[in-house]
Amino acid sequence: MSIKAVRGFKDILPEESAKWHLVEEVAREVFRGFGLSEIRTPILEKTELFARGIGEQTDIVEKEMYTFEDRNGDMLTLRPEATAGIIRAYIEHKLHGRGGVCRLFTMGPMFRHERPQKGRLRQFHQINVEILGSHSPLADAEVMWLAWQVLQDLGIEGLRLEVNSLGCPQCRPAHRQDLLTFLENVSGELCPDCNRRRKRNPLRVFDCKNQGCRDALRLAPLIKHYMCPDCAGHLGQALDFLEGVGIPFVWNPYLVRGLDYYTRTTFEIVASGLGAQSTVAAGGRYDGLVKELGGPDVPGVGMAIGVERLMLLLEDEVEQELADLFIAALGRDAREEVVPWLKELRAGGFIVQMSYEDKGLKAQLKQADRLRSRYVLIVGEDELDEEVLKLRRMADGAQEEIPLDEAVQRISEILGKESEDE
RNA sequence: GUGGGAGUAGCUCAACUGGUUAGAGCGUCGGGUUGUGGCCCCGGAGGCUGUGGGUUCAAGUCCCAUCUCUCACCCCA
């Protein structure tokens with residue numbers, strides 16, 4: 001076998017791209033309604049950006065990044081997520097200095113060197129939203145709403161929005177301390193993984209699927225009992241806003257996120273039918289991140305939708321229209337006569353194709369059929385001699401005669417009329 | 001990184017306990033219709049059986065390695 005794509009990297013083939021366009025268009029339409037602006041940042045950044053932003057201790061930074069040395073000795077990394085790069089750009093171009101809240105979206109590929117499985121690729125795509133510069137719980141609610149709305153508008157069903165708060169630097173330490181103590185006492189009942197997590201990132205034990213661990217954690221201290229009044233109020237208000245716009249959610253006090261930078265609100269949208277990777281969108285608040293990356297102390301909230309996972313939930317194939325009209329020109333004279341018509345008809349908004357090769361009528365009709373063209377215009381020697389063309393409707397084979405001198409106009413009328421009927 | 005399953009025609013899959021020329025459906029190309037698609041009928045092309053080693057008189061089939069796909073763990077969108 002010759003050269004194949006790199007493991008975990010996938011080609012998006014012509015028959016799939018219409019589905020991608022649909023997803024991207026729906027997302028853009030939703031974002032437009034919320035007044036977001038698009039930002040596009042490079043997929044390559046200095047390694048240090050991700051190390052500081054995502055957290056040195058995370059799996060992503062420790063073992064999943066595509067990192068290499070540039071020719072001048074810089075260490076570079078293919079972005080494993082979008083937020084760090086966007087914040088880098090936000091700081092670098094001093095977008096915070098423009099006043100007001102900065103509300104951004106982006107979409108594009110991310111890279112993580114993990115073992116591929118259902119809903120998990122090494123190059124995958126995300127649709128991201130970041131709202132920078134607001135402490136308001138309304139921003140949190142809007143971010144969740146945005147994610148929910150995109151999925152909703154795509155007609156995806158069976159989704160569940162889970163929300164939690166991770167607290168802030170005021171209330172987190174006390175909880176963390178009590179949780180550590182608790183986990184130490186039940187360490188005998190925890191699985192080896194959880195005992196490992198216990199030291200590195202204690203909150204993650206709540207993610208364990210192991211029944212034994214879940215039983216052991218039943219009485220574990222939860223952040224909700226430790227939240228300071230500000231955090232509790234913040235979460236309460238965010239949830240009130242969600243309720244106000246009729247978005248169903250569940251408060252999952254066990255919900256935790258993997259990235260270090262999250263504070264307060266955190267959420268996931270989970271779907272059934274995705275296998276082990278059930279999260280189709282996720283996000284949360286990251287109030288310390290901008291400062292951590294060298295910018296001013298500006299708060300932020302954001303979310304990411306996993307496009308491939310979303311694609312798995314979108315069952316129906318989206319068919320692309322490939323031709324309204326196929327022009328079957330027979331012979332050199334006919335082809336020369338017809339080429340200017342292509343220009344006019346295409347300018348009129350119609351999808352028009354013709355054969356590159358000088359093939360027989362049968363072959364051209366076959367080609368038109370394969371393109372599912374609605375009509376075929378037949379232009380041969382006879383037609384040119386008589387100055388009357390034939391327009392064949394492919395659905396039933398009915399043919400209509402079209403005078404040569406008003407061909408483009410008549411065809412435009414017929415094609416246009418057909419579209420209106422639909 | 002760890003574990004299970006799988007790699008045969010463009011696609012979906014056959015080939016009994018190793019045994020002669022690796023088959024079928026779909027697709028594709030051509031013909032039946034020298035200027036009329038789809039449906040039908042007839043015919044053709046297309047394979048170093050993922051790759052490399054090994055066992056054997058003989059390997060698609062057994063063994064080892066490797067790559068890829070897939071599912072799960074881990075982790076995450």
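Labels below follow one simple rule: chain letters A, B, ... track the order of the sequence lines, proteins then strands, and each chain is numbered from 1.
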Exercise for the section: Could you identify which residues of residues 41-54 of chain A place a heavy atom less than 4.0 Å from some atom of RNA chain B, listed by residue number, or say none? Expected result: none

Exercise for the section: Would you indicate, yes or no, if B:rC71 has its OP1 or OP2 atom less than 4.0 angstrom from a side-chain nitrogen or oxygen of A:R115? Expected result: no

Problem - Identity of whatever pairs with B:rU49 - Watson-Crick or G-U, under 3.5 angstrom - result: none

Practice task
Could you measure between the two P atoms, the one in B:rU17 and the one in B:rC75, and give it in whole Å?
Solution key: 43 Å

Handout entry: Phosphate OP1/OP2 of B:rA72: any A:Q117 side-chain N/O under 4.0 Å
Key = yes

Practice task
Classify the side chain of A:R120 versus the base of B:rC74 as yes if they form a donor-acceptor pair under 3.5 Å and no if they do not.
Solution key: yes

Exercise for the section: Classify the side chain of A:R309 versus the base of B:rC76 as yes if they form a donor-acceptor pair under 3.5 Å and no if they do not. Expected result: yes

Handout entry: Lys/Arg N to Asp/Glu carboxylate O, A:E344 vs A:R346, below 4.0 Å
Key = no

Handout entry: Minimum heavy-atom distance between A:P80 and A:I54, given as atom pair plus value
Key = CG-CD1, 3.7 Å

Exercise for the section: Consider the side chain of A:R7, meaning its heavy atoms from C-beta on, and name the nucleotide among B:rA77, B:rC75, B:rU70 that approaches it most closely. Expected result: B:rU70

Practice task
Before accepting this row, confirm whether a basic side-chain N of the pair A:E114/A:R120 lies closer than 4.0 Å to the acidic partner's carboxylate O.
Solution key: yes

Handout entry: 5' precedence on RNA chain B between A:F9 and A:A276 (nearest-nucleotide basis)
Key = A:F9

Completion exercise
Using Watson-Crick geometry (N1-N3 plus N6-O4 or O6-N4) or G-U wobble (N1-O2, O6-N3), each under 3.5 Å, B:rU68 is paired with B:rA6

Problem - Proximal nucleotide (of B:rC75, B:rG35, B:rU33) relative to the A:L330 side chain - result: B:rG35

Problem - Whole angstrom value for the distance that separates P of B:rA77 from CD of A:E130 - result: 12 Å

Exercise for the section: Report yes if at least one side-chain N or O of A:R370 is closer than 4.0 Å to OP1 or OP2 of B:rU28; otherwise report no. Expected result: yes

In residues 124-137 of chain A, what donor-acceptor pairs under 3.5 Å come from side-chain atoms, sequence neighbours left out?
{"unit_1": "A:H125", "atom_1": "ND1", "unit_2": "A:E308", "atom_2": "OE2", "d": "2.8"}
{"unit_1": "A:Q126", "atom_1": "OE1", "unit_2": "A:N128", "atom_2": "ND2", "d": "3.4"}
{"unit_1": "A:E130", "atom_1": "OE1", "unit_2": "A:Y286", "atom_2": "OH", "d": "2.4"}
{"unit_1": "A:E130", "atom_1": "OE2", "unit_2": "A:T83", "atom_2": "OG1", "d": "2.9"}
{"unit_1": "A:S134", "atom_1": "OG", "unit_2": "A:S136", "atom_2": "N", "d": "3.0"}
{"unit_1": "A:S136", "atom_1": "OG", "unit_2": "A:L138", "atom_2": "N", "d": "2.9"}

Handout entry: Ring center gap for A:F34 and A:W145 short of 6.0 angstrom
Key = yes

Problem - Nearest-angstrom distance, P atom, B:rG50 to B:rU36 - result: 45 Å

Exercise for the section: Spell out yes or no: do the side chain of A:Q364 and the base of B:rU36 have one donor N/O and one acceptor N/O closer than 3.5 Å? Expected result: no

Problem - Length of the line joining A:E15:CD and B:rG27:P, which is rounded to integer Å - result: 16 Å

Handout entry: P-based separation of B:rU68 from B:rG46 [nearest Å]
Key = 31 Å

Problem - Gap in Å between the two P atoms, one belonging to B:rU70 and one to B:rA65, rounded - result: 23 Å

Exercise for the section: Using a cut-off of strictly less than 4.0 Å between a heavy atom of the residue and any atom of RNA chain B, enumerate the qualifying residues of residues 381-389 of chain A by number. Expected result: A:E381, A:D382, A:E383

Handout entry: A:E114 CD to B:rC74 C1', straight-line distance once rounded to whole Å
Key = 9 Å

Problem - Mate of B:rA58 where both pairing distances stay under 3.5 Å, Watson-Crick or G-U - result: none

Handout entry: Side-chain ion pair, A:E29 and A:R32, N-O less than 4.0 Å
Key = yes

Practice task
Round to a whole Å and report the spacing from CG of A:L325 to P of B:rG37.
Solution key: 18 Å

Exercise for the section: Provide the distance between the two P atoms, one in B:rG3 and one in B:rC64, to the nearest whole Å. Expected result: 14 Å

Practice task
Measure from the side-chain heavy atoms of A:R197 and tell me the nearest of B:rC71, B:rC75, B:rG35.
Solution key: B:rC75

Exercise for the section: Can you tell me, in whole Å, how much space there is between the P of B:rA58 and that of B:rU21? Expected result: 14 Å

Practice task
Would you please say whether a donor-acceptor pair under 3.5 Å links the side chains of A:T279 and A:E268?
Solution key: yes

Problem - B:rC62 to B:rG7 separation - P atoms, rounded to the nearest Å - result: 10 Å

Problem - For B:rU21, the Watson-Crick or wobble counterpart (both distances under 3.5 Å) - result: none

Practice task
Quick one: look up who B:rG1 pairs with, Watson-Crick or G-U, both distances under 3.5 Å, and put none if it's unpaired.
Solution key: B:rC73

Handout entry: Short side-chain donor-acceptor distance under 3.5 Å, A:D287 and A:Y261
Key = no

Handout entry: Nucleotide nearest A:K366 when distance is taken to its side chain, options B:rU36, B:rU68, B:rG38
Key = B:rG38

Handout entry: Aromatic plane relationship, A:H175 with A:F206 - under 30° parallel, 30 to 60° tilted, over 60° perpendicular
Key = parallel

Problem - A:M394 side-chain proximity, nearest of B:rC73, B:rC75, B:rG37 - result: B:rG37

Handout entry: Pair assignment for B:rG44, Watson-Crick or G-U wobble, requiring both distances under 3.5 Å
Key = B:rU28

Handout entry: Rounded P spacing from B:rU61 to B:rU8 in Å
Key = 13 Å

Exercise for the section: Could you check whether A:R112 gets within reach of a base, just the sugar-phosphate, or nothing at all, counting any heavy atom under 4.0 Å? Expected result: base

Practice task
Provide, to the nearest angstrom, the distance between the NE2 atom belonging to A:H113 and the P atom belonging to B:rU2.
Solution key: 11 Å

